[in-house]
Engineer: 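Below is a structure I'd like to ask you about.
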Amino acid sequence: MTQVVVVGGGYGGARVASLLDDVAEVTLIEPKDAFVHASAALRGAVDPAWEERVFVPYDRLLTRGTVVHQRVERALPDRVQLGDGTTIDADYLVLATGTAYPFPAKFLESETVVARARLARMREGLAAAERVLVVGAGPVGLELVGELREHFPALRITVVDQAEDALSTGEYAPELRTAVHEQLDGVDFVFGSRLGYLPPVDVGVYEPFAVETESGARIEAQMWFRCYGNQAASDYLAGALAAERTGLGQVRVEPTLQVRGLPTVFAVGDITDVPESKRASAARTHADVVAANLRALIAGQRPTATHHPEPERIVLPLGTRGGASQIVDADGERRILGAEETSRIKGQDLFSSDIAELFGQF
Ligand SMILES: Cc1cc2nc3c(=O)[nH]c(=O)nc-3n(C[C@H](O)[C@H](O)[C@H](O)COP(=O)(O)OP(=O)(O)OC[C@H]3O[C@@H](n4cnc5c(N)ncnc54)[C@H](O)[C@@H]3O)c2cc1C
C-alpha cells in the first residue's frame, strides 16, 4: 500500500491524514501528545474550563494510520529522520509543520500536562497582577485583551505597538478599527513607538518590571505577553527540500500544493508561500486540495486540484460576546460585522465543535 508520511499534526496535517486514512498507509508525525486548537487557545489561557477544547487527543483521528509522537529532525523528499534516530520512508510526503508563536497562543511544550501547568501558573499570576503589558496590537494581541478583560475585569491593560493604530498589517477598513477601539474602551493603547527593550522576564510569568518605549513612555506591569512573530517551522528541511525554502522559511508550492520541482512532496497551511493570510481555514482548504491530488496519484491519475488564495478577511472575537469582523460576501463585497455576529460566528464556540468532530470526540 502507498506510504504517505505527514509531518506536523496541526490543522492542515491532521486533516490530510484523516482524509487519506482509507486509501493509504498514513503515518502522521507530531511531537505533541495532543492537537492544539490555537483558535481557542487564548480562551483556554484565561478559563481552565476551556482547556479540554484546546488540547484534543489524537487517539481517534485515524482508524488505520498511525500517529508517531516524535519531532522530524531531517526531511528529504523520500524519507524523514525522527528525534529517536528512526527513519521512515515515504512514497508521498506532506509538509504541515506550520508556524511557532509565543505562549499562550501556541506552545513549545510537547506534553499537555506541562503546557497546562504553565497555564495554571499564568492564571495565578494574572489574579495577583494589577497591570499587564501586551506587545502587539494585531489580531492575537487584541483577542488576548478581549479574553483578559472578560475573565480578569479588574486588570489594567497596556497595549504597545510600533504602528500608528491597531491591526496595521492587513487591508482592513477604518470601521473595523473603530469598532475594536469602541469595545476596548479603558485599555491604554500606546501607538507609534517601539519598546526600547523587551521586559527582562519570560512571557506569562508574574514578575514586576518597567520598560520604556523609544519615545520615552514608561510602562510598569507585572506580566507581559508577546503578540507578534509568527515563525515558519521549516528548519528540518534538507537537500532538495531546503532549496525550496524562501527567505521567510516558507516552502514554495505550485497551485496543486506540490512543492516546486518535487512532484511527490506536498505542503499545506502556514508553512506554504501561498500569498494569503495564514489561517486555519486556509490550512483546511489546502488539506482538501492535497488529499484530492494524492487520491488521484494513488489511483494512477494526474493531480488536478488547485488552490486559489482566499480573499482577506478577519473574524476577531473580543471575549465571548464582543468583537468585530471584516468579511467578503458572496458578491465579493467587503462587509464589517459587529459584536453579535462575530460572537455567533466565532466568539461563542471558537470553532471547537468542528475540531471535536474531526478528532472523533463527539
Ligand atoms: C491565538 C490564535 C488564534 C487563531 N485564530 C484563528 C481563527 O480563528 N481562524 C483561523 O482560520 N485561524 C486562526 N489562527 C491561525 C491558525 O492557528 C494557523 O493558521 C494554523 O495553526 C495553521 O495550521 P497548520 O496546520 O499550518 O500549522 P499548525 O497548526 O501550526 O501545526 C503545525 C504542527 O506541526 C508540528 N511540528 C512543528 N515542527 C515539527 C517537526 N519538525 N516535526 C513534526 N512536527 C512538527 C507542531 O507541533 C504543530 O502541531 C489563530 C492563530 C492563533 C495563534
Side-chain angles (χ1 to χ4, degrees), residues 5-17 27-45 54-56 58 67-75 80-83 88 93-112 115 136 138-147 225-238 241 249-251 257 267-272 274 276-287 290 310 313-317 323 325 342 345-347 349-352 354-355 358:
V5 172
V6 182
V7 188
Y11 293 91
R15 189 168 170 89
V16 171
T27 308
L28 176 63
I29 307 170
E30 164 61 54
K32 293 190 168 69
D33 63 9
F35 169 83
V36 174
H37 179 28
S39 306
L42 301 176
R43 177 85 42 84
V54 175
F55 301 99
V56 185
Y58 284 102
V67 183
V68 175
H69 291 296
Q70 287 283 325
R71 184 181 188 279
V72 169
E73 297 295 343
R74 192 162 185 272
V80 297
Q81 190 182 327
L82 310 186
I88 301 182
L93 182 65
V94 181
L95 307 174
T97 43
T99 39
Y101 199 92
F103 173 88
K106 287 190 175 180
F107 302 88
L108 283 177
E109 293 81 3
S110 293
E111 290 171 46
T112 302
V140 175
L142 296 174
E143 194 172 328
L144 177 61
V145 170
E147 297 296 340
F225 297 97
R226 183 156 87 82
C227 295
Y228 62 91
N230 225 9
Q231 197 73 44
S234 59
D235 57 347
Y236 63 95
L237 299 178
L241 291 176
Q250 297 170 342
V251 178
L257 299 177
V268 294
D270 283 9
I271 198 185
T272 64
V274 176
E276 63 190 346
S277 58
K278 301 301 177 197
R279 292 197 306 262
S281 53
R284 280 193 294 268
T285 315
H286 295 181
V290 169
E310 298 170 5
R313 70 179 175 86
I314 181 171
V315 180
L316 176 62
S325 308
T342 303
I345 298 170
K346 179 175 171 190
D349 180 63
L350 300 174
F351 307 128
S352 51
D354 297 344
I355 291 302
L358 175 65

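Just follow the structure's listing: the first ligand is 1, and inside any ligand the first atom is 1. Worth saying up front: this structure is predicted, and the values here are computed from it rather than measured.
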Engineer: Identify all side-chain donor-acceptor contacts of residues 94-107 below 3.5 Å with residues at least two apart in sequence or on another chain.
Structural biologist:
from: Thr97; atom 1: OG1; to: Ala233; atom 2: O; distance (Å): 2.6
from: Thr97; atom 1: OG1; to: Tyr236; atom 2: OH; distance (Å): 2.8
from: Thr99; atom 1: OG1; to: Lys106; atom 2: NZ; distance (Å): 3.2
from: Thr99; atom 1: OG1; to: Asn230; atom 2: OD1; distance (Å): 3.3
from: Thr99; atom 1: OG1; to: Asp270; atom 2: OD2; distance (Å): 2.6
from: Tyr101; atom 1: OH; to: Cys227; atom 2: O; distance (Å): 3.1
from: Tyr101; atom 1: OH; to: Tyr228; atom 2: N; distance (Å): 3.1
from: Lys106; atom 1: NZ; to: Thr99; atom 2: O; distance (Å): 3.1

Engineer: Under a 4.0 Å heavy-atom limit, does Ile29 contact ligand 1 with its side chain, its backbone, both, or neither?
Structural biologist: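 Near ligand 1, Ile29 shows its backbone, while the atoms from C-beta on stay back.
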Engineer: Measure Arg279 to ligand 1 on non-hydrogen atoms and call it side chain, backbone, both or neither using the 4.0 Å cut-off.
Structural biologist: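 The answer is both.
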Engineer: Short N/O distance, under 3.5 Å, between Tyr236 and ligand 1?
Structural biologist: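 Not met; the criterion fails.
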Engineer: Do Phe55 and Lys32 have side-chain heavy atoms sitting under 4.5 Å apart?
Structural biologist: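 The answer is no, as the side chains (C-beta and beyond) never meet within the 4.5 Å cut-off.
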Engineer: Below 3.5 angstrom, do we get any N/O pair linking Gln70 and ligand 1?
Structural biologist: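 In this structure, Gln70 places no N or O atom under 3.5 Å from an N or O of ligand 1.
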Engineer: Could you walk me through whether Val268 and Arg15 pass the side chain to side chain contact (heavy atoms under 4.5 Å, CB included) check?
Structural biologist: CA-CA 10 Å; Val268 294; Arg15 189 168 170 89; over 6 Å; no
Engineer: Any idea which part of Ala96 is under 4.0 Å from ligand 1, heavy-atom wise: side chain, backbone, both or neither?
Structural biologist: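 Backbone only.
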Engineer: With heavy-atom distances below 4.0 Å as the criterion, list the atoms of ligand 1 near Gly269.
Structural biologist: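 Listed by number with element: 26 (O).
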Engineer: Out of Thr272, Leu316, Asp270, who is nearest to atom 18 (C) of ligand 1 when you count heavy atoms only?
Structural biologist: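 Of the listed residues, Asp270 has the closest heavy atom.
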Engineer: Examine the proximity of ligand 1 to Lys106 and report which part, side chain or backbone, both or neither, has a heavy atom under 4.0 Å away.
Structural biologist: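 Only the side chain of Lys106 comes within reach of ligand 1.
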Engineer: Strictly under 4.0 Å, does any heavy atom of Ala41 approach an atom of ligand 1?
Structural biologist: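 Not so, Ala41 does not reach ligand 1.
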Engineer: Checking the N or O distance criterion of under 3.5 Å, is ligand 1 in contact with Tyr101?
Structural biologist: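 There is no such contact.
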Engineer: Between CZ of Arg43 and CG of Leu350, what distance do you get to the nearest 0.5 Å?
Structural biologist: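 Going from CZ on Arg43 over to CG on Leu350, the span is 4.0 Å.
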Engineer: Have a look at Leu93 and tell me which of Ile88, Val6, Leu241 forms a side-chain contact (heavy atoms from CB on, under 4.5 Å) with it.
Structural biologist: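 One option only clears the test, and that one is Leu241.
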Engineer: Could you work out, for atom 1 (C) of ligand 1, the closest of Thr99, Val16, Leu42, Val315 by heavy-atom distance?
Structural biologist: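 It is Leu42 whose heavy atom sits nearest to atom 1 (C) of ligand 1.
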Engineer: With a cutoff of 4.0 Å, is Phe35 in contact with ligand 1, counting heavy atoms of the residue only?
Structural biologist: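 Distance cut 4.0 Å: Phe35 fails for ligand 1.
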Engineer: Go through it in stages, so that I can follow the logic: the residues are His37 and Ser352, the test is side chain to side chain contact (heavy atoms under 4.5 Å, CB included), and I'd like the CA-CA distance, side-chain angles, deciding distance and then a yes or no.
Structural biologist: CA-CA 8 Å; His37 179 28; Ser352 51; 4.0 Å; yes
Engineer: Does Ala280 reach ligand 1 with a nitrogen or oxygen that is under 3.5 Å from one of the ligand's nitrogen or oxygen atoms?
Structural biologist: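 For ligand 1, there is an N or O atom that lies under 3.5 Å from one belonging to Ala280.
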Engineer: Please compare Val72, Thr97, Leu95 and report which has the shortest non-hydrogen distance to atom 37 (C) of ligand 1.
Structural biologist: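 Checking each option, the heavy atom nearest atom 37 (C) of ligand 1 is found in Thr97.
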Engineer: Any N or O of Gly12 that comes nearer than 3.5 Å to an N or O of ligand 1?
Structural biologist: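 Checking ligand 1 against Gly12, an N or O pair does fall under 3.5 Å apart.
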